[in-house]
Every structure is written in C-alpha cells, then in structure tokens.
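First comes the structure, then the notes that go with it.
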Number of protein chains: 2
Amino acid sequence: MGQQNKPAADSGSRESERRRTILRAAIDVFARKGYHGCRIADVAKEAGVAYGLVYHYFKNKDELLETVFDTGWSGFVTRVRAVVEGEGTLAEKVRGIVDVAFEAYRVDPRAVKVLILEIARSPAGSRINRQTAFVDAIRLSSGLFSVARERGELRPELDAHLASALLFGNIEMGLTAFVVGLADARDPEALEQAKAQIANSFLYGVLTGAQAAEVSEWKPEKSATKSKAPKRS
Amino acid sequence: MGQQNKPAADSGSRESERRRTILRAAIDVFARKGYHGCRIADVAKEAGVAYGLVYHYFKNKDELLETVFDTGWSGFVTRVRAVVEGEGTLAEKVRGIVDVAFEAYRVDPRAVKVLILEIARSPAGSRINRQTAFVDAIRLSSGLFSVARERGELRPELDAHLASALLFGNIEMGLTAFVVGLADARDPEALEQAKAQIANSFLYGVLTGAQAAEVSEWKPEKSATKSKAPKRS
DNA sequence: CCGGCGGGTGATTCGCCAGTCAACCAGCGG
DNA sequence: CCGCTGGTTGACTGGCGAATCACCCGCCGG
C-alpha cells in the first residue's frame with residue numbers, strides 16, 4: 001500500500017482547514033506560554049480539537065514548532081528577498097526591509113513574537129538549524145552591502161556581513177521593544193516612528209557622507225498615519 | 001580562608017567554594033545544552049558533586065538559572081553604570097559600553113552565551129523578569145541620550161529610549177555573530193574590529209553632523225590593550 | 001568518648017506530559 | 001444496508017527527570 005495521503009505530504013498547497021487551525025493555535029499558545037511552557041493539550045484546547053488530532057497532523061511537538069518556524073520565516077525571507085532583488089537604491093532597500101519586518105509585526109504580532117522570542121535564539125533541540133536560517137537572512141542582505149561598498153556608498157571600513165547583521169540587530173531590537181512592552185504596540189504612530197528611526201539611524205551609521213546627506217531629505221511619502229509626529233526639540 | 005555558614009544567606013559576599021563550583025558548572029552545561037536540555041544530573045556531574053548537593057545550595061532548577069542570571073547580569077550592569085556615570089563625551093561612553101560587553105565576552109564567552117541565548121529573551125516561566133532587567137539596562141543608558149540630545153549632540157528626531165535600545169541591539173547582534181559562529185571568536189583581531197565597527201556605525205547613525213565628524217578621527221589607541229574605559233574591577 | 005551538626009550522598013518517589021491506540025463516526029460506493 | 005476508509009476522539013501508558021529523604025562521615029565541643 002504505498003499510500004501517502006499524509007496531509008503533511010503536499011506542503012503548502014492545500015493543507016486541510018484543521019491543520020491550519022492547529023497551527024494557528026500553536027502560534028498563539030507558544031506566544032503566550034512559550035514552547036517549553038506549553039502542553040500539547042493546551043494547543044488542542046485552544047484549537048478546539050481532540051488531543052490526538054494534533055498528532056494526526058504533526059509527527060510530534062518538535063515538528064509542530066518547526067512548521068511554525070518554517071511558515072513564518074520563509075514568508076519573511078521571501079519578502080526580504082523580493083526587496084533585495086528589486087529595484088532601488090541601498091537606502092530604499094534598507095527601508096524596504098525594515099518595512100517588511102514591521103508590517104509582519106503589524107499583521108501578526110504574536111507570530112513575530114514567537115519567531116523572535118522562541119525560535120531565533122534557541123539552543124540545540126530539534127533538527128532545524130534556526131541559526132542557519134538566521135545566518136541565511138543575514139547573508140542574503142549582505143550582498144546588498146558588498147555591492148554598495150564597491151560603489152563607494154558604504155563606509156569602506158565596514159564589513160558587509162557585519163553591516164547586515166547590524167541591520168537585523170536594529171530591527172530585532174526595535175521589534176523587541178514592542179514585544180516586550182517597552183513601547184506601546186497599539187499606537188500605529190509609534191510603530192511608524194520607530195521604523196523611520198531605525199532605518200535612518202542605521203543609514204546614517206553606514207553610508208558615506210555623500211549618500212547620507214540624502215537621507216536627511218527623505219520623508220515618509222505614504223502617510224497612512226497622521227502627519228509626522230510633532231517632535232519637541 | 002574564613003568559613004561561612006549559610007551559603008545562600010549572605011549573597012554575593014563569600015559563598016562557599018562548592019556553591020561557586022556548581023554555579024560554574026551550571027553555566028557551562030547551560031551553554032552547551034541549553035537550560036531545558038540539561039538535567040540537574042548533568043550539572044552535578046560536571047561539577048563533580050553528588051546530585052543532592054545541588055539542592056543543598058539551590059532551592060530548585062529555576063533558582064539555579066536565576067542565580068546565573070543575576071550574577072552575570074548584575075556584573076554587566078554595574079560596569080555599564082560605571083561608564084555611564086563616569087567622565088567623558090557621549091562617544092567615549094558609548095565606546096565604553098561596547099567595550100564592557102565585548103570584554104565580558106572575551107573573559108567568559110560561555111557565560112555571555114548563556115545570557116544571550118538562554119536568558120535575555122525567554123518567555124514566562126520562572127519568577128525573574130529578565131525583561132525587566134533588560135529594560136532597566138536600556139533605561140540606564142537612555143539617560144545618556146536624553147542629556148546628549150539637549151546638548152544638541154544627538155539628532156533631535158531620535159527618541160532617547162529607542163536610541164539606547166538600538167545600541168544594545170547592535171551590541172547584542174555583534175556578540176550573537178560570535179556566539180553563533182558567524183564570526184571567528186578566537187581571532188582577537190576580529191573582536192577588536194567588530195567592536196570598533198559597532199561603536200562607529202552606531203555613533204555615525206545617532207550623532208549630529210558636527211559630533212560625527214570627530215568620530216572619523218578616532219583611532220583605537222592600542223589594539224592589544226583595552227581602551228581607557230573602566231574595565232573589569 | 002559521645003553526640004550532634006552540617007556538609008555531602010544517591011537511590012527512590014512522584015507527577016507530568018509526549019506520544020499511542022482502540023474505538024468512533026460520517027460519508028460513500030456498491 | 002453493509003462495510004470500508006479516513007478524519008476524529010480521549011483514556012491510557014511509559015519514561016523521564018525534578019525534587020526528596022534517609023543515611024553517611026568527619027569535625028568539634030563537652
């Protein structure tokens with residue numbers, strides 16, 4: 001009986017509704033109690049399904065986490081790649097990447113929380129090398145910086161990898177501030193502002209003088225939000 | 001050496017030799033296998049003591065982790081505070097903070113690894129709010145930036161808290177690169193370079209033009225020796 | 001010499017939770 | 001109407017590991 005109607009088999013295409021429900025529930029519970037702090041029973045209850053069903057769709061707890069990771073991360077990387085490979089100046093692309101990250105957070109804060117808090121730094125355990133994944137993202141955008149450096153847009157003393165790492169460091173820390181509650185996540189104003197500040201200070205920090213001058217002139221064009229924040233100086 | 005009675009009682013002063021051995025072992029094992037991946041038995045074996053003795057010195061596994069955290073983090077914060085409250089320009093202090101972090105890594109990479117990978121972002125679980133601790137550090141140095149902004153050294157549109165968060169984000173990401181193996185930790189040259197790049201790109205990113213100009217002139221005075229920043233006490 | 005005390009030991013206990021499995025139920029084709 | 005198939009259920013179990021506890025031993029004071 002070489003049968004393999006395993007729902008997991010055709011990944012991505014049309015997984016059952018149930019599977020997605022469980023995945024969703026897993027994200028929520030992980031976000032609330034952490035991977036180690038949550039029981040499969042919790043996930044099942046959250047999803048409103050029987051305990052055993054979780055194991056019908058996922059081999060084990062690790063695979064569940066792994067799937068959460070793959071889903072979220074691959075979506076992110078895909079969008080980042082689109083930005084990296086698209087048209088635009090370095091500055092525009094950097095802004096683009098920051099946008100992607102913050103948009104992801106706006107759309108689904110809990111998923112981002114899980115990615116940041118649970119997965120990004122997590123020691124040995126399951127098979128997935130999240131470190132590899134993380135490193136891949138850094139490498140992906142580091143190409144951007146090598147090119148820019150050759151063009152003389154980047155401070156020559158900067159290492160491309162490090163620059164890339166710093167960008168993600170900034171983004172991650174900015175998001176962490178929200179995740180952790182340092183900043184108010186429900187305030188869209190705050191999000192916009194943080195986004196702009198992260199991109200700007202990173203660009204100022206990394207570009208050569210000539211390029212940096214242009215940064216100052218940049219204004220957020222699409223004011224989906226209200227006018228720029230009145231900053232008291 | 002003098003002998004002391006309740007080991008746990010007088011915290012910090014002179015805890016028994018044994019207690020410290022166990023703590024040390026815990027750090028090593030946590031660094032190797034992660035908090036959740038390690039058994040108390042592993043810690044005991046690593047320390048070369050009996051299983052039960054661990055419970056003689058620590059109430060439970062959580063308290064063990066908590067102690068690791070407190071020890072490492074408070075040391076770090078103390079040094080950071082010294083820098084913050086010491087003499088010097090903003091740029092010098094920023095460099096000082098970066099120094100403190102990297103020096104800590106140089107001295108005890110494994111402890112730093114545990115702090116970064118296991119504790120810094122870790123969800124609900126034990127009592128300690130590491131998040132609070134983290135936030136405290138950010139607040140601590142954010143004062144630096146408020147002052148700097150009033151003096152006009154800082155780009156006026158920057159939020160002091162965010163700037164501070166970004167600094168730690170940069171540092172953390174830089175260290176993570178080593179912890180994770182992206183960069184070669186055994187190369188002291190690489191460490192020095194990363195340090196300089198982090199400090200510089202952050203400063204460029206955050207300072208006003210006038211101040212930033214001075215950054216370019218800065219040179220690491222000694223490659224082998226540490227900077228003038230108050231190093232270990 | 002005795003007894004008590006505090007550091008030190010490690011087999012035992014005990015609760016928890018991932019993962020299993022037999023039974024259940026809807027639909028459907030014959 | 002029957003029986004098969006595949007999604008669905010939840011009681012159950014097996015192992016694992018945190019925490020306990022009864023015991024050990026060297027020292028000190030009386």
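Order of the sequence lines fixes the chain letters, A, B, ..., with proteins taken first and strands second; residue numbering starts at 1 for each chain.
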Open item on the list: Side-chain N or O of A/Y57 versus OP1/OP2 of D/dT8: is the shortest distance under 4.0 Å?
Closed with: yes
Task: Non-neighbouring partners of B/S141 that pass side chain to side chain donor-acceptor pair (under 3.5 Å), sequence neighbours left out - done: B/S164
Can you name the atoms? Protein N/O to nucleotides 15-17 of chain C N/O, anything below 3.5 Å, with the distance.
{"residue": "C/dC17", "atom": "OP1", "partner": "A/R39", "partner atom": "NH1", "Å": "2.3"}

Task: Test: B/R24 and B/E46 ion pair at under 4.0 Å - done: no
- [ ] Write down the distance between CZ (A/R20) and P (D/dG7), rounded to a whole number of angstrom.
- [x] 15 Å
Open item on the list: When you measure from the side-chain N and O atoms of A/R18 to the phosphate of D/dT8, is any distance below 4.0 Å, counting only OP1 and OP2?
Closed with: yes
Open item on the list: Let's see if you can work this out: which of C/dG7, C/dG19, C/dT9 has an atom nearest to the side-chain heavy atoms of A/N60?
Closed with: C/dG19
- [ ] Let me know the distance between CG of A/L53 and P of C/dA23, rounded to the nearest Å.
- [x] 20 Å
TODO: For A/K33 and A/C38, indicate whether the former's side chain and the latter's backbone hold a donor-acceptor pair under 3.5 Å.
DONE: no
- [ ] Please state whether the rings of A/H36 and B/H36 are parallel, tilted or perpendicular, taking 30° and 60° as the class boundaries.
- [x] parallel
TODO: Grab the CZ-P distance between A/R19 and D/dT8 for me, whole Å please.
DONE: 13 Å
Below 3.5 Å is the cut-off: list the nitrogen or oxygen pairs between protein and nucleotides 23-26 of chain D, distance only.
none

Task: Whether A/W73 and A/F69 hold their rings parallel, tilted or perpendicular, with breakpoints at 30° and 60° - done: parallel
Task: B/Y55 OH to D/dA19 P, straight-line distance once rounded to whole Å - done: 4 Å
Task: Contact summary for B/V68 and B/A26, nearest pair of heavy atoms - done: CG2-CB, 4.4 Å
Open item on the list: Distance check needed: C/dT20 P versus A/F58 CZ, whole Å only.
Closed with: 15 Å
TODO: Taking only the side-chain heavy atoms of B/H56 (C-beta and beyond), determine which of D/dT8, C/dG7, D/dT20 contains the nearest atom.
DONE: C/dG7
TODO: Figure out the CD/P separation between A/E17 and D/dG7, and round it to whole Å.
DONE: 15 Å
TODO: State whether B/R95 and B/E92 are salt-bridged, where the test is any N-O pair (Lys NZ or Arg NE/NH1/NH2 against Asp/Glu carboxylate O) under 4.0 Å.
DONE: no
TODO: Examine B/K61 relative to B/Y35 and say whether NZ or CZ is less than 6.0 Å from the centre of the six-membered ring and inside a 45° cone about the ring axis.
DONE: yes
- [ ] State whether B/R106 and B/E103 are salt-bridged, where the test is any N-O pair (Lys NZ or Arg NE/NH1/NH2 against Asp/Glu carboxylate O) under 4.0 Å.
- [x] yes
Open item on the list: Expressed as a whole number of angstroms, how long is the span from A/K59:NZ to C/dG19:P?
Closed with: 9 Å
